[in-house]
Enquirer: 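The structure under discussion is supplied below as structure tokens; questions concerning it will follow.
All values below were derived from every heavy atom in this structure, side-chain atoms included, with hydrogens, water molecules and symmetry-related copies excluded. Letters A, B, ... mirror the listed sequences (proteins, then strands); counts begin at 1.
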Protein chains: 2
Amino acid sequence: MSSATSQQAVASLHTEVTRLRHELQTLKGEHESPAAEQTMYVGQYLVERLVQLGITKMFGVPGDFNLGFLDFVEDHPKIDWVGDCNELNAAYAADGYARVNDGKIGVVLTTFGVGELSAMNGIAGAFSEHIPVLHLVGVPSTSQQKDKPMLHHTLGDGRYDAYYLASQQFTVAQGNLTNKDAAAAEIDRVLTECLVMARPVYLMLPTDVAYQRISAKRLQTPLNLEPPANDEETEEFVLNEIIKLVEEAQHDAILLIDACAVRHGVKKEVEDLYKHTGFPVYSAPMGKSVVAETYERYGGIYVGSISSPAVKDKVENAKLILSIGGLKSDFNTGNFTYHIPTQRTIELHSDHTRIKFATFPGIGMKRLLPKLTARLQSFRAGATALEVPKFQFPVPKEDNEIISQSWLWPRVGKFFQPKDIIVAETGTSSFGVLDIPLPQDSIFVSQILWGSIGWTVGATLGAAFGGLDRNLNRTILFIGDGSIQLTVQELSVMIRWGLKPIIFVLNNSGYTIERYLHGMTRKYNDISNWKWTSLLDTLGGEEGKNCKSYTVRTKTELSALLDDPKFANPDVIQLVELIMEKNDAPRALKVQAELSGKTNRYVAED
Amino acid sequence: MSSATSQQAVASLHTEVTRLRHELQTLKGEHESPAAEQTMYVGQYLVERLVQLGITKMFGVPGDFNLGFLDFVEDHPKIDWVGDCNELNAAYAADGYARVNDGKIGVVLTTFGVGELSAMNGIAGAFSEHIPVLHLVGVPSTSQQKDKPMLHHTLGDGRYDAYYLASQQFTVAQGNLTNKDAAAAEIDRVLTECLVMARPVYLMLPTDVAYQRISAKRLQTPLNLEPPANDEETEEFVLNEIIKLVEEAQHDAILLIDACAVRHGVKKEVEDLYKHTGFPVYSAPMGKSVVAETYERYGGIYVGSISSPAVKDKVENAKLILSIGGLKSDFNTGNFTYHIPTQRTIELHSDHTRIKFATFPGIGMKRLLPKLTARLQSFRAGATALEVPKFQFPVPKEDNEIISQSWLWPRVGKFFQPKDIIVAETGTSSFGVLDIPLPQDSIFVSQILWGSIGWTVGATLGAAFGGLDRNLNRTILFIGDGSIQLTVQELSVMIRWGLKPIIFVLNNSGYTIERYLHGMTRKYNDISNWKWTSLLDTLGGEEGKNCKSYTVRTKTELSALLDDPKFANPDVIQLVELIMEKNDAPRALKVQAELSGKTNRYVAED
């Protein structure tokens with residue numbers, strides 16, 4: 001057995017011991033006072049567990065195999081059924097809800113076959129981007145699953161497991177609650193995996209089992225959501241190695257924060273690290289807003305070749321880069337143009353650590369970080385001597401009235417407030433917001449790895465609800481006219497619930513990001529022009545009453561609107577149509593498209 | 001080897017021989033004149049094959065991995081890129097296009113991961129309902145597929161085959177065109193399977209291979225779309241057995257036509273059969289409009305217990321039932337309440353025949369039917385003596401102005417014209433249209449087995465295009481206010497293309513079919529009320545110019561509108577909001593809900 005394998009074995013044994021101890025404790029609670037045993041329906045047990053986890057909203061679409069269960073949701077005082085327009089939007093919303101609520105899961109409920117498959121892209125996106133989402137599916141009764149009649153919503157060939165098999169590709173745990181006696185433990189297992197792995201799980205709830213009675217005792221023991229312990233000896237070795245490298249770097253060590261720092265719940269630990277050590281700190285695009293962008297030793301976004309020259313220089317020339325929660329996708333790394341040699345890199349991940357070329361499986365950052373912070377505090381004096389470029393993007397002077405990409409993003413940057421949730425659609429919006437410093441405690445929401453267009457509309461719905469749970473400020477969405485067409489109906493759900501997001505629609509006549517990738521003048525990148533300012537009123541609103549819409553064509557008009565306190569502190573949902581140039585794009589997108597065009601080009605053979 | 005297995009083996013050998021002969025012929029054509037060999041890009045070859053199959057429209061959404069291929073589509077004079085608002089709608093449209101074009105496939109083009117997964121419910125629906133749809137996916141280049149970088153649209157863990165594996169559950173053939181030398185034969189194989197099996201197939205086109213050059217020679221040989229030959233000896237035996245049973249039935253034999261008669265292309269053969277024999281003919285719901293409903297010996301729809309008493313009596317008491325293309329799903333059989341003993345049933349299917357309890361694998365109806373017709377003609381005189389109940393549904397007299405379900409359907413029945421395409425959404429609409437006789441050469445489009453709500457909006461787009469290809473009359477959609485919210489944006493594509501469907505939106509405040517199944521007064525069956533008559537104008541239309549919208553509240557208003565020749569022969573898209581009662585439903589739906597509630601009930605344990 002190699003050393004790495006043996007370490008891995010020790011780590012998994014630790015995990016298993018913890019799990020078994022917890023299960024024993026849970027069962028002990030279950031059997032303590034059998035005389036007064038309280039019972040409840042399986043469906044109710046599930047709802048109670050979700051409520052225990054602090055979940056206040058369930059997304060989804062009703063369907064005949066989940067209606068009975070929905071009674072339990074509707075009747076519970078602490079959780080609301082949102083009722084989305086379609087399942088994909090609902091999955092997106094569950095994802096957005098989880099993102100602003102670090103540590104909470106998003107829940108989407110669908111029906112067998114037709115409903116669940118519509119949600120699949122949303123679930124796969126949550127898998128790709130490390131978001132804990134429970135995909136709960138109302139399915140035929142246990143006797144129907146056994147006899148396999150040709151029910152509606154089936155494939156007509158008796159394969160009742162086809163959807164389950166497809167789902168396995170995109171979830172880290174699956175369950176089918178066919179046995180009421182195992183149901184509670186199954187529910188607990190699947191929910192625990194969802195949270196600990198920070199990835200989607202899939203749970204089938206048969207119509208009959210939802211209404212079978214079980215003991216309520218397990219609910220007395222909360223789920224064990226602690227990450228597994230690190231092997232002490234290995235951890236000590238890793239800590240010593242890191243300290244040694246920091247010493248060798250002679251005060252030229254920096255921190256680079258990425259997606260998994262927030263996805264695996266170490267935002268607070270990371271903050272302690274950078275505040276106590278004074279190390280300069282940078283973010284990858286997917287880690288944007290994990291570190292407060294107003295922090296004086298925060299230098300901005302590192303995206304390989306796409307980075308601003310100052311950031312590129314500081315990051316790539318540092319003697320040591322301590323990368324936390326790294327996720328090196330193309331759009332997150334300037335199309336794989338990191339110039340950080342492994343020789344100078346330490347990587348902290350949720351379930352392993354990497355020092356230069358050596359991997360240490362099972363050494364997770366959640367438990368490592370506090371110890372690291374304690375040991376690195378002594379370097380503070382030296383570290384703070386290192387200069388950090390100021391992260392800023394002043395509004396440029398342009399002597400025309402066109403709302404250009406180069407002017408728009410810094411200008412709206414001045415509009416942002418602390419605790420805002422800023423949602424940016426894949427394309428010009430996400431690239432545009434990247435360069436802009438965000439205020440204290442604001443949250444940046446974008447889908448940089450998965451990049452499914454239209455995602456932000458559903459995600460905005462979920463994020464706005466999550467913001468209410470956490471007492472955050474406004475939810476602000478930036479989306480292009482091409483992308484919003486995919487998922488537009490979800491605006492109606494925002495209106496119905498009285499949510500007040502501010503939605504900026506960049507009307508630039510089609511799929512601009514695609515024009516930059518291929519087909520600048522092609523018809524297939526064109527779309528229909530809608531009456532954007534009629535949209536809210538048509539989809540269930542009353543313009544001027546519970547919704548407001550604006551068209552803005554010039555810099556002066558937009559500035560006036562942004563400066564209007566009634567607009568900036570809205571009491572209703574607002575939509576702003578921004579008239580922009582068809583072929584304009586933010587700097588970062590232009591460079592990315594150029595780089596990506598080189599690797600993904602359509603070069604015809606002669 | 002059992003007899004059935006041996007027959008199956010013979011049948012597959014026949015198929016394989018035919019395939020090999022055709023492949024040889026194709027290759028021969030390919031090598032005939034190598035000197036003057038013409039070459040083309042793989043992407044162009046694929047487009048040419050589609051054009052050869054008579055396909056004039058390609059549905060889908062552009063994405064960075066399919067943009068290069070789209071150039072070939074946009075540049076081809078005989079095929080149009082439709083450009084849908086999202087992928088699910090596009091898949092629905094491809095399905096609808098194939099349905100009205102018997103024998104043609106529908107094509108939907110998506111991009112790797114994000115796009116293709118959004119289409120999955122649409123593809124699974126086509127699988128379930130036997131619709132030939134090509135799902136073409138633009139995927140990363142062959143070198144990227146080999147090296148597996150963490151590209152956007154990936155799961156971030158290097159599993160480039162995850163979407164392919166999920167797709168296998170819902171398609172009958174799959175291909176990944178990674179090798180240009182095999183590409184043409186792969187394309188031919190997958191397209192042939194699609195058409196012969198009448199089910200969806202999945203094809204991945206890497207960005208680089210789309211632009212590699214291959215020989216164009218294979219195009220000279222058309223695809224071989226003939227169904228496999230029946231084993232002669234078995235077929236003769238089957239024919240004799242059928243004749244014997246018809247004789248024994250003493251002129252009391254009837255025909256029952258179902259879905260697969262149209263899905264597997266025997267509409268003409270079936271017509272020859274019923275016209276030449278004079279046998280009374282009935283349809284299952286999914287077979288509605290395969291038989292001309294004006295035909296004097298057509299008796300209407302048989303749906304088990306839900307059937308009208310006259311039809312139930314005639315069908316269930318016939319001495320012999322010759323079922324053609326049967327597909328016995330719950331909603332297609334009155335929740336499995338067929339009272340037709342196997343003892344009195346002969347079933348003809350695309351790939352087997354069943355006589356009472358005996359199955360004959362490999363004896364397909366396409367080749368069997370003409371021989372059967374020839375042998376059964378002599379029974380005509382006796383058969384025509386049998387009385388057939390007249391299929392009719394007169395408009396009832398109701399002394400109020402409410403647009404009731406019982407009045408609406410027979411009233412719109414009088415509005416239908418020959419060659420109309422009538423699209424009915426799952427729910428009140430499909431149950432409502434069922435009872436109404438449709439005119440000559442009209443086509444009934446509904447998704448009775450799969451039953452995905454919202455499907456008809458995309459399907460209407462595809463059906464309207466298919467209608468243009470075939471010179472059909474109007475496309476008329478009936479959909480509820482709950483269902484249309486799932487897929488509403490596709491109206492904008494209809495407007496952009498100048499299509500002229502008539503869309504009836506049944507505004508009955510929510511999911512009425514679900515209220516009948518469970519939760520009559522539950523909030524989760526409520527939806528937002530939209531301004532239906534603003535919808536077309538908002539989504540790219542100009543009310544009164546290229547679109548017209550109406551709200552109708554009374555019987556008198558609706559009759560006046562239907563009788564207005566300008567409305568009935570429209571030159572623009574029209575949307576009619578019908579104000580209806582929340583808890584009203586067609587007769588058939590009420591009975592179905594009652595039956596289905598019994599098997600799928602939510603009975604709480606105490």
Enquirer: Return the option, out of B:G540, B:S528, B:G156, with the maximum number of heavy-atom pairs under 4.5 Å with chain A.
Expert: B:S528
Enquirer: Under a 4.5 Å heavy-atom cut-off, does chain A meet the side chain of B:V73, its backbone, both or neither?
Expert: neither
Enquirer: Among the options B:E490, B:H130, B:M120, B:R496, pick out the one with the most heavy-atom pairs lying under 4.5 Å from chain A.
Expert: B:R496
Enquirer: Under the rule for ring-ring contact (aromatic ring centres under 6.0 Å, His included), what residues qualify as partners of B:Y511, not counting sequence neighbours?
Expert: none
Enquirer: Flag the one option from B:E116, B:Q168, B:Q169, B:K523 with the top tally of heavy-atom pairs under 4.5 Å to chain A.
Expert: B:Q169
Enquirer: Do the side chain of B:E74 and the main chain of A:Y524 share a donor and acceptor less than 3.5 angstrom apart?
Expert: yes
Enquirer: Using a cut-off of under 4.5 Å for heavy-atom pairs, which of A:A166, A:S167, A:G454 has the most such pairs with chain B?
Expert: A:A166
Enquirer: At a heavy-atom separation under 4.5 Å, does B:R199 approach chain A through its side chain, its backbone, both, or neither?
Expert: side chain
Enquirer: Taking A:Q489 for its side chain and B:Q485 for its backbone only, find out whether a donor-acceptor pair lies under 3.5 Å.
Expert: yes
Enquirer: For residues B:L151 and A:L449, report the shortest heavy-atom separation together with the two atoms involved.
Expert: O-CD1, 3.5 Å
Enquirer: Rounded to the nearest 0.5 Å, how far does CD1 of A:I484 lie from SG of B:C85?
Expert: 11.5 Å
Enquirer: Taking all non-hydrogen atoms of both residues into account, name the closest pair between B:A124 and A:L155 and its distance.
Expert: O-CD2, 3.8 Å
Enquirer: Looking at B:Q447, B:E129, B:E514, B:E87, which one has more heavy-atom pairs under 4.5 Å with chain A than the rest?
Expert: B:E514
Enquirer: Tell me, side chain or backbone of A:L88 under 4.5 Å from chain B's heavy atoms, or both, or neither?
Expert: side chain
Enquirer: A:G482, A:S452, A:G83, A:G43: which one forms the most heavy-atom pairs within less than 4.5 Å of chain B?
Expert: A:S452
Enquirer: With a 4.5 angstrom heavy-atom cut-off, which part of A:I448 approaches chain B: side chain, backbone, both or neither?
Expert: backbone
Enquirer: If you count heavy-atom pairs under 4.5 Å with chain A, which of B:L539, B:T538, B:T154, B:L70 comes out on top?
Expert: B:T538
Enquirer: Go through B:S329, B:S534, B:G122, B:G115 and name the one with the most non-hydrogen pairs under 4.5 angstrom from chain A.
Expert: B:S329
Enquirer: Can you find a pair of side-chain heavy atoms, one from B:H153 and one from A:D330, that are under 4.5 Å apart?
Expert: no
Enquirer: At what distance, to the nearest 0.5 angstrom, does CG of A:N86 lie from CG of B:N86?
Expert: 7.5 Å
Enquirer: If you measure from CH2 on A:W450 to CG on B:L117, what distance do you get to the nearest 0.5 Å?
Expert: 5.0 Å
Enquirer: Enter the distance from A:L535:CG to B:L535:CG here, rounded to the nearest 0.5 Å.
Expert: 9.0 Å
Enquirer: For the pair A:K531 (side chain) and B:D537 (backbone), establish whether a donor and an acceptor sit closer than 3.5 Å, ignoring hydrogens and angles.
Expert: yes
Enquirer: How far does CH2 of A:W530 sit from CD1 of B:I495, to the nearest 0.5 angstrom?
Expert: 9.5 Å
Enquirer: Among A:W532, A:W455, A:Y163, which residue forms the greatest number of heavy-atom pairs with chain B at distances under 4.5 Å?
Expert: A:Y163
Enquirer: Chain A heavy atoms under 4.5 Å from B:T487: which part of the residue, side chain, backbone, both or neither?
Expert: backbone
Enquirer: Give every residue pair that meets the salt bridge (Lys or Arg N to Asp or Glu O under 4.0 Å) criterion with at least one member in residues 153-165 of chain B, sequence neighbours excluded.
Expert: B:D157-B:R159
Enquirer: Would you compute the distance between atom NE2 of A:H518 and atom CG of B:D71 and round it to the nearest 0.5 angstrom?
Expert: 3.5 Å
